[in-house]
Amino acid sequence: MVEPHLLHNAVLSWYEDNARDLPWRAADATPWGVLVSEIMLQQTPVVRVLPVWHEWMERWPTPKDLAAEQPGEAVRHWGRLGYPRRALRLHACARAITDEHGGEVPADHATLLALPGIGEYTAAAVASFAYGGRHAVLDTNVRRVFARAVRAEEYPPTATSAAERRLAESLLPELGAARWGVAVMELGALVCTARAPRCADCPLAQVCAWRLAGKPPHAGPARKGQTYAGSDRQCRGRLLAVLRAAHGPVPKAALDVVWDDAVQRERALDGLVADGLAEALDDDTYRLPHA
DNA sequence: CAGCCGTGGGG
DNA sequence: TCCCCAAGGCT
């Protein structure tokens with residue numbers, strides 16, 4: 001394996017010249033802004049997050065501002081980012097921060113991890129990017145870069161392994177860990193991409209184990225492909241879009257028209273209610289959640 | 001822990 | 001066109 005210093009210098013130097021000018025990385029970005037960006041960016045491309053993040057920061061500049069709203073407003077202004085449960089959890093997160101942490105986003109990894117919607121990755125990212133903490137930030141980009149550069153494999157394993165964590169922590173510099181983390185992530189996002197990696201532009205090309213091995217294709221079974229058309233997820237999306245567009249309770253008939261299969265439609269609607277994304281009122285109308 | 005949870009753009 | 005997948009988390 002390559003000397004960590006060599007890796008650090010190559011990646012950090014590349015980042016110096018190629019980092020995107022993203023608003024949540026700006027000097028005036030708040031920990032709250034960083035947290036909101038991290039939740040929005042889960043499974044969602046940067047270009048789609050940007051306009052929604054700006055709107056949220058203007059509307060709810062602090063956790064307290066969001067905490068004062070109904071949860072349904074968070075879901076409404078989530079727009080079409082997808083996985084709307086994230087909006088619900090972010091709202092719950094804002095209330096927990098307001099009620100239990102004096103309105104300040106925690107800097108401690110374990111404290112962050114205990115908040116709704118914040119898992120291992122997001123806790124590390126916020127502690128690192130917002131507060132300069134020293135944590136291994138293991139997202140899909142970082143895992144892919146390490147899989148290739150160090151393990152000579154095209155893709156990392158399905159689930160994050162203990163070996164991956166050990167490697168990431170062993171590569172963590174004593175100083176500047178936060179910048180290192182965001183730099184590796186950026187490299188994975190812009191150069192060491194999943195499909196058509198731009199090895200010609202990669203600062204690690206000369207030391208990348210995967211490239212030096214001739215870029216062997218991923219061995220083993222292909223990853224699970226989930227069909228979306230006709231799925232409960234698509235149905236839920238249709239139903240929730242109706243509730244977001246309406247600024248009050250909608251009659252059930254307005255929901256019935258967006259999906260033909262009544263059995264599936266009822267199941268999806270029940271699911272939305274069970275998840276807290278929708279509320280059923282007494283008069284057989286539905287709306288975004290209040291609480 | 002494998003499956004579920006949205007959405008839209010690029011190859 | 002169709003398929004892949006994009007800063008995950010939760011059960």
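The figures here come from the full heavy-atom set of this structure, side chains too, leaving out hydrogens, waters and symmetry mates. In the text below, chain A, chain B and the rest are named by the order of the sequence lines, each starting its count at 1.
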Do any side-chain atoms of residues 183-205 of chain A form donor-acceptor pairs under 3.5 angstrom with protein atoms, and if so which ones, sequence neighbours left out?
residue, atom, partner, partner atom, Å
A/Glu186, OE1, A/Arg20, NE, 3.4
A/Glu186, OE1, A/Arg20, NH2, 2.8
A/Glu186, OE1, A/Arg25, NH2, 2.7
A/Glu186, OE2, A/Arg20, N, 2.9
A/Glu186, OE2, A/Arg20, NE, 3.0
A/Glu186, OE2, A/Arg25, NH1, 3.2
A/Thr193, OG1, A/Ala196, O, 3.3
A/Arg198, NE, A/Asp201, OD2, 3.2
A/Arg198, NH1, A/Leu190, O, 3.4
A/Arg198, NH2, A/Asp201, OD2, 3.0

Just call it for [X]: base, sugar-phosphate, or nothing, with non-hydrogen atoms closer than 4.0 Å on any strand.
| X | value |
| --- | --- |
| A/Ala125 | nothing |
| A/Arg233 | base |
| A/Ala189 | sugar-phosphate |
| A/Leu81 | base |
| A/Thr158 | nothing |
| A/Leu22 | base |
| A/Trp24 | base |
| A/Gly82 | base |

Which nucleotide in the set [options] lies at the smallest distance from any side-chain heavy atom of [X]?
| X | options | result |
| --- | --- | --- |
| A/Tyr155 | C/dC5, C/dA6, C/dA7 | C/dC5 |
| A/Glu186 | C/dA7, B/dG8, C/dG8 | C/dA7 |
| A/Arg236 | B/dC5, C/dA6, C/dG8 | B/dC5 |

What is the distance from [atom1] of [X] to [atom2] of [N], rounded to the nearest Å?
| X | N | atom1 | atom2 | result |
| --- | --- | --- | --- | --- |
| A/Phe129 | C/dA7 | CZ | P | 12 Å |
| A/Arg80 | C/dA6 | CZ | C1' | 17 Å |
| A/Leu187 | C/dA7 | CG | C1' | 14 Å |
| A/Gln42 | B/dG6 | CD | C1' | 13 Å |
| A/Met40 | C/dA6 | CE | C1' | 15 Å |
| A/Leu88 | C/dG8 | CG | P | 20 Å |
| A/Leu138 | C/dA6 | CG | C1' | 17 Å |
| A/Leu190 | C/dA6 | CG | P | 13 Å |

Between [atom1] of [X] and [atom2] of [Y], what distance do you get to the nearest 0.5 Å?
| X | Y | atom1 | atom2 | value |
| --- | --- | --- | --- | --- |
| A/Arg287 | A/Leu281 | CZ | CG | 5.0 Å |
| A/Asp283 | A/Lys252 | CG | NZ | 13.0 Å |
| A/Thr140 | A/Gln42 | OG1 | CD | 12.5 Å |
| A/Met40 | A/Leu90 | CE | CG | 7.0 Å |

So, under a plain 3.5 Å distance rule, would you say the side chain of A/Thr140 forms a donor-acceptor pair with the base of C/dG8? no
Side chain A/Arg59, main chain A/His77, donor-acceptor under 3.5 Å: no
[N] phosphate, OP1 or OP2: any side-chain N/O from [X] under 4.0 angstrom?
| X | N | answer |
| --- | --- | --- |
| A/Arg85 | B/dG6 | no |
| A/Tyr83 | C/dG9 | no |
| A/Arg144 | C/dC5 | no |
| A/Thr122 | C/dG9 | yes |

Whichever of A/Arg25 and A/Pro116 has the more 5' nearest nucleotide on DNA chain C, that residue is A/Arg25
Heavy-atom distance under 4.5 Å between the side chains of A/Trp78 and A/Arg244, does that happen here? no
Strictly under 3.5 Å: I want the nitrogen or oxygen pairs between protein and nucleotides 9-11 of chain B, one per line.
residue, atom, partner, partner atom, Å
B/dG10, N2, A/Arg195, NH1, 3.4

Taking the C1' atom of each, how far is B/dC1 from C/dT11, in whole Å? 10 Å
Could you measure between the two P atoms, the one in C/dA7 and the one in B/dG10, and give it in whole Å? 15 Å
Can you pull the ring pair (Phe, Tyr, Trp, His ring centres under 6.0 Å) pairs that have at least one residue in residues 252-275 of chain A, sequence neighbours excluded? none
Taking all non-hydrogen atoms of both residues into account, name the closest pair between A/Arg148 and A/Tyr155 and its distance. NH2-CE2, 3.7 Å
